[in-house]
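First comes the structure, then the notes that go with it.
Just so you know, these numbers come straight off a predicted model, no measurement behind them. Note that ligands are numbered from 1 as they come in the structure, with each ligand's atoms numbered from 1 the same way.
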Amino acid sequence: MKLKRLNEKTNAFITLKEEVEEAELYFSIKDNICTKDMRTTAGSKMLYNYHPPFDATVVERIRGKGEILGKTSMDSWGFGTFGTNCDFGTPRNPWDLGRSPGGSSSGAAIVASALKERNVALAESTGGSISCPASFCNVFGLTPTYGLVSRWGLISYADSLDKIGLMARDLKDIALVMNYIVGGDERDPTSYQGRVPDYTRCFGEIRGLKVGVPKEYFEHVEEEVKEKVMDGISLLDSLGAEIREVSLKLTKYALASYYIIALSEASTNLARFCGLKYGLSAEMKGEFNEYFSKVRGSGFNQESKRRIILGTFARMAGYRGRYYLKALKVRRLIINEFKEIFSRCDLIAAPTMPILPPKFEEIEELEPIQVYAMDQLTVGPNLAGIPMLSVPIGFSRGLPVGLHLMADHFREDLLFRVGRAIQEHTNYWRKVPEL
Ligand code: GLN
């Protein structure tokens, strides 16, 4: 295993474990998931020296099941789509080092795709941070139903949206590790206490499954991406699934609703980083506000500051009704729209991202709002809290493309069934980048 070299080339890890034992299965952990034996930075300078005194529930649950390799790089606090907001070096796409690996779970996807050994990445999504990098790096990425996996010990971005999920080259490994990490947790009151299936057994015929293809999800999508995704949908058709066009008319409101809700929650969550309890601090002098501003002014990067300000504004008295409360109403309508589709279809299939992995120079040219717009296909299902799976579906110009499968709440079984059928009939997922 050439972890050091992989890391030098790609910046996949923020913290790499010094010594790794031989094992059948390896784990990497996104750096916003607390580990008691490794520092946990959430990708931010603010927590550069934070050593949690506990393991997150998901970490507790994988201990002893394999070797943990280290903590993977991410946009600080999960704020980003391309990995370009990480305070500890910019992660690079292993398929082309001049391009983005996707964000915010950048390192998770890099390790899952570039490491030859069997490995599973623990990652997190608020608005697409598992699907996006999974599609840009050619691995499977599962974002479970909101609440299915305990969030206890996750450094919160936006509590009503955050989900811990998994990435791997082989979907069977994701199923195995899902079995370890699901299950109620009294420390996370939103965690699901009900029965769950054995995910390693969720495979079989897909004949007769109804797959909805939303026309709005192809509107601002690059031709090359569309072509590969359509090939994937044709494969499902040839395996006997019933493909039908559906419409998700509220798609155009999803971005605004998502960013208002996510940033409103983020701005309050980040208030706890005041230089007293966690991480970065400074010499105590002057008024509290002076101290607080000094620590936060130097600990938060530009994107974090932008989001704290926007989120605070959206919830301010006088504006709350116009932005935050309205966004919540739109969210409810979006959930209803997905529910209506799932009363007629088993699954929804669409492109994961509207573009191929972009070059870093191209990203630099974009305004923040243009970057946010890249999440157009992933924020809707994240707002709805439904499970989703990005599946490797081919390469265009040597760059990976992802097919996004979405299912109704707690229907991960269907995602595994269809994902495994695609896996049996394709070979893209087997490819490992040359580094
Ligand atoms: N790109 C989205 C954002 O910046 C999603 C991030 C995430 O899922 N953590 O909010």
Proximity flag Tyr372 to ligand 1, non-hydrogen atoms under 4.0 Å: no

Ligand 1 versus Tyr258: contacting region, heavy-atom distance under 4.0 Å: side chain

Atoms of ligand 1, numbered as shown, that sit under 4.0 Å from any heavy atom of Ser125: 8 (O)

Protein contact to atom 1 (N) of ligand 1 [nearest heavy atom, distance to 0.1 Å]: Asp375 OD2, 2.8 Å

Atoms of ligand 1 close to Gly127 [distance to a heavy atom under 4.0 angstrom, numbered from 1]: 5 (C), 7 (C), 8 (O)

Donor-acceptor contact below 3.5 Å, side chain Ser129 vs main chain Ser104: yes

Parallel, tilted or perpendicular, as decided by the 30° and 60° cut-offs, for the rings of Phe313 and Tyr323: tilted

Parallel, tilted or perpendicular: ring planes of Trp152 versus Phe54, cut at 30 and 60 degrees: tilted

Gly78 neighbourhood, listing ligand 1 atoms whose heavy-atom distance to it stays under 4.0 Å: 4 (O), 6 (C), 7 (C), 9 (N)

Phe88 six-ring face occupied by Arg39 cation (under 6.0 Å, within 45°): yes

Heavy-atom gap Gly128 to ligand 1 smaller than 4.0 Å: yes

Heavy atoms of other groups near Lys339 NZ, more than 12 under 6.0 Å: yes

Arg307, portion touching ligand 1 at heavy-atom distance under 4.0 Å: side chain

Polar contact flag for Phe79 and ligand 1 (N/O pairs, less than 3.5 Å): no

Taking atom 6 (C) of ligand 1 as the reference point, the nearest protein heavy atom with its distance: Ser129 OG, 2.8 Å

Ligand-side contact atoms (ligand 1) for residue partner Tyr259, heavy atom cut-off under 4.0 Å: 1 (N), 2 (C), 3 (C), 4 (O), 10 (O)

Parallel, tilted or perpendicular: rings of Tyr372 and Tyr259 (30°, 60°): parallel

Enclosure of Tyr253 OH (heavy-atom neighbours >12, cutoff 6.0 Å): no

Geometric class of the Phe136/Phe82 ring pair [parallel <30°, tilted 30-60°, perpendicular >60°]: parallel

